[in-house]
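Within every chain, numbering begins at 1; the chains are lettered A, B, ... in the order of the sequence lines, protein sequences first and strands thereafter.
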Amino acid sequence: MAIRHIGFACICLSLGKGITTNRGTILRLFDIERASNLALSNCQDLIKIMEWNGKNGIKFFRISSDIFPFMTHEGVGYKLEQLHHHLQIKDSLKEAGTVAKKYGIRINSHPGPFTILSSPNEKVVSATIRDIEMHSLVGDLLDCEGESRFNINFHMGSDYGDKKASAKRYVENLTRLSSGARKRITIENDDKGKLYSVKDLYEMIYQDCGVPIVFDVHHHQFCTGGLTDKEAAKLALRTWGAYVPEIHYSESRTIENSVLDGPKVRLQAHSDYVSGEIPNYYDGTYDVMVEAKAKDLAVLKYHRRKNAIHGHN
DNA sequence: ATAGGTCAAGCGAGG
DNA sequence: CCTCGCTTGACCTAT
């Protein structure tokens, strides 16, 4: 069996919106007390989400990037120790990690589109580095890595008109990360033709600095680099060494919902649920992050459908 | 209680 | 030139 775990991103709809790791605020209202309260609630709820995941057999979860609101934001950024709840926060994350470990759940993260290591703008790069270090801190505090690490996955961001030069800046800026954070970085293929295909990432990033590649099956069709999905998967999956790779699976919103959304929805937009089959024919063992708007509900529905067809397991 | 406006960050695509 | 979508929609305020 090629697929190990199938997971969802950031929000557990089954638990309702009262339980979330997404609580944030706006800058105008930011203060350190507020940040401390939000962060603590987020971390405490992560324990509940890990319990839910374990009981429901969903062993892959992407944690929200908002867990510590504005922690790395210029001007208001703070260290964890500045939060008056910092000890409880650490304990909560440790406990969430313990629960995850108990059930064999993999946790990882996916910083947003503002995280760009290849930028020619120093302010963007230093903000990116602060951001990645924050994600890595969460990974440290969870302390639940096993055969899969807490990988921090993000895109190249842009090619700034020169793919190779931008990839080179990425590789150079990697050296500015702590060694702990550096080991957790992974990079994902883009969904725009002019940007980085799996082949580009393999040749310009992996071969230069060994950063593993997350293969996004859906993105691949918009940026193939001349490879079939099977060829691209093969290339990406062998960049992970001893660790279990991550791939992304999603489907176009247009196909599922074209009547409701009209013709303007981009093909890249995600559907609520997935109706196809997650590829289990790629080489090796890997975890699949399902990127669907119905989150955990989409994963549960997928399993129900599969079980209905093939019987249990 | 809910709707509408607003909200950190960079970048490219589309109108 | 402006808006949307991507990361991850959520929060605040007014009714």
Heavy-atom donor-acceptor pair, A/Ser197 side chain to A/Thr224 backbone, under 3.5 Å = no
Protein-to-nucleotide contact annotation, 5' to 3' order, nucleotides 1-10 of chain B [B base; S sugar-phosphate only; - none; under 4.0 Å, heavy atom] = ------SBBB
Under 3.5 Å, side-chain donor or acceptor atoms of residues 6-20 of chain A against the rest of the protein: list the pairs with distances, not counting sequence neighbours.
from, atom 1, to, atom 2, distance (Å)
A/Ser14, OG, A/Asp296, OD2, 2.5
A/Thr20, OG1, A/Asn22, N, 2.9

Does any non-hydrogen side-chain atom of A/Ile129 lie less than 4.5 Å from one of A/Leu177?
-> yes
Which whole number of Å gives the distance between the P atom of C/dT7 and that of B/dA1?
-> 34 Å
Who are the side-chain contact (heavy atoms from CB on, under 4.5 Å) partners of A/Ala298, not counting sequence neighbours?
-> A/Tyr273, A/Ala292, A/Ala294
Using the ring of each side chain (for Trp, its six-membered ring), is A/Phe30 parallel, tilted or perpendicular to A/Tyr78, with breaks at 30° and 60°?
-> parallel
Residue whose nearest DNA chain C nucleotide is more 5′ - A/Gly24 or A/Ser64 | A/Ser64
Nucleotide B/dC11, atom P - distance to CG of A/Leu117 in whole Å = 13 Å
Expressed in angstrom and rounded to an integer, what is the separation of A/Asp216 atom CG from C/dC6 atom C1'?
-> 12 Å
Compare all side-chain heavy atoms of A/Thr128 with those of A/Ser119 and state whether any distance is below 4.5 angstrom.
-> no
Is the centre of the A/His220 ring less than 6.0 Å from the centre of the A/Phe215 ring?
-> yes
B/dG4 versus C/dC6 - spacing of their P atoms, nearest Å = 22 Å
Residues from residues 148-157 of chain A sitting under 4.0 Å of DNA chain B, heavy atoms only?
-> none
B/dC7 and C/dG5: how far apart are their C1' atoms, nearest whole angstrom?
-> 16 Å
Integer angstrom distance from the C1' of C/dC1 to that of B/dA8 = 23 Å
So what does A/Leu29 touch, heavy atoms closer than 4.0 Å: a base, only the sugar-phosphate, or nothing?
-> sugar-phosphate
Do the charged groups of A/Asp287 and A/Arg4 touch, with an N to O distance under 4.0 Å?
-> yes
Looking at residues at least two apart in the chain, or sitting in another chain, which of them share a side-chain contact (heavy atoms from CB on, under 4.5 Å) with A/Lys164?
-> A/Asp162, A/Met204
Provide, to the nearest angstrom, the distance between the CG atom belonging to A/Leu38 and the C1' atom belonging to C/dC11.
-> 10 Å
C/dT7 P sits how many Å from A/Leu195 CG, rounded?
-> 12 Å
For atom NZ of A/Lys293 and atom P of C/dT7, their distance in whole Å = 10 Å
What integer distance in Å separates A/Met134:CE from C/dT7:P?
-> 17 Å
For DNA chain C, what dot-bracket results from Watson-Crick or G-U pairs at under 3.5 Å, with [ ] for crossers and | for inter-strand partners?
-> ||||||..|||||||
Should the heavy atoms of other residues, nucleotides or ligands under 6.0 Å from NZ of A/Lys90 be counted, would the total exceed 12?
-> yes
When the nearest nucleotide of DNA chain C is assigned to A/Ala9 and to A/Arg23 on a heavy-atom basis, which residue is associated with the more 5' position?
-> A/Ala9
Under 4.5 Å between any side-chain heavy atoms of A/Tyr103 and A/Asn53, yes or no?
-> no
Phosphate contact (C/dG9 OP1 or OP2) by A/Lys295 side-chain N/O below 4.0 Å | yes
Measure from the side-chain N and O atoms of A/Glu188 to the backbone N and O of A/Asp216, and report whether any donor-acceptor pair falls under 3.5 Å.
-> no
Hey, does A/Lys17 reach any base, or is it just sugar-phosphate, or nothing, if we go heavy atoms under 4.0 Å?
-> nothing
Provide, to the nearest angstrom, the distance between the CZ atom belonging to A/Phe222 and the C1' atom belonging to C/dC6.
-> 13 Å
Separation of C/dT7 C1' from A/Met289 CE (nearest whole Å) = 13 Å
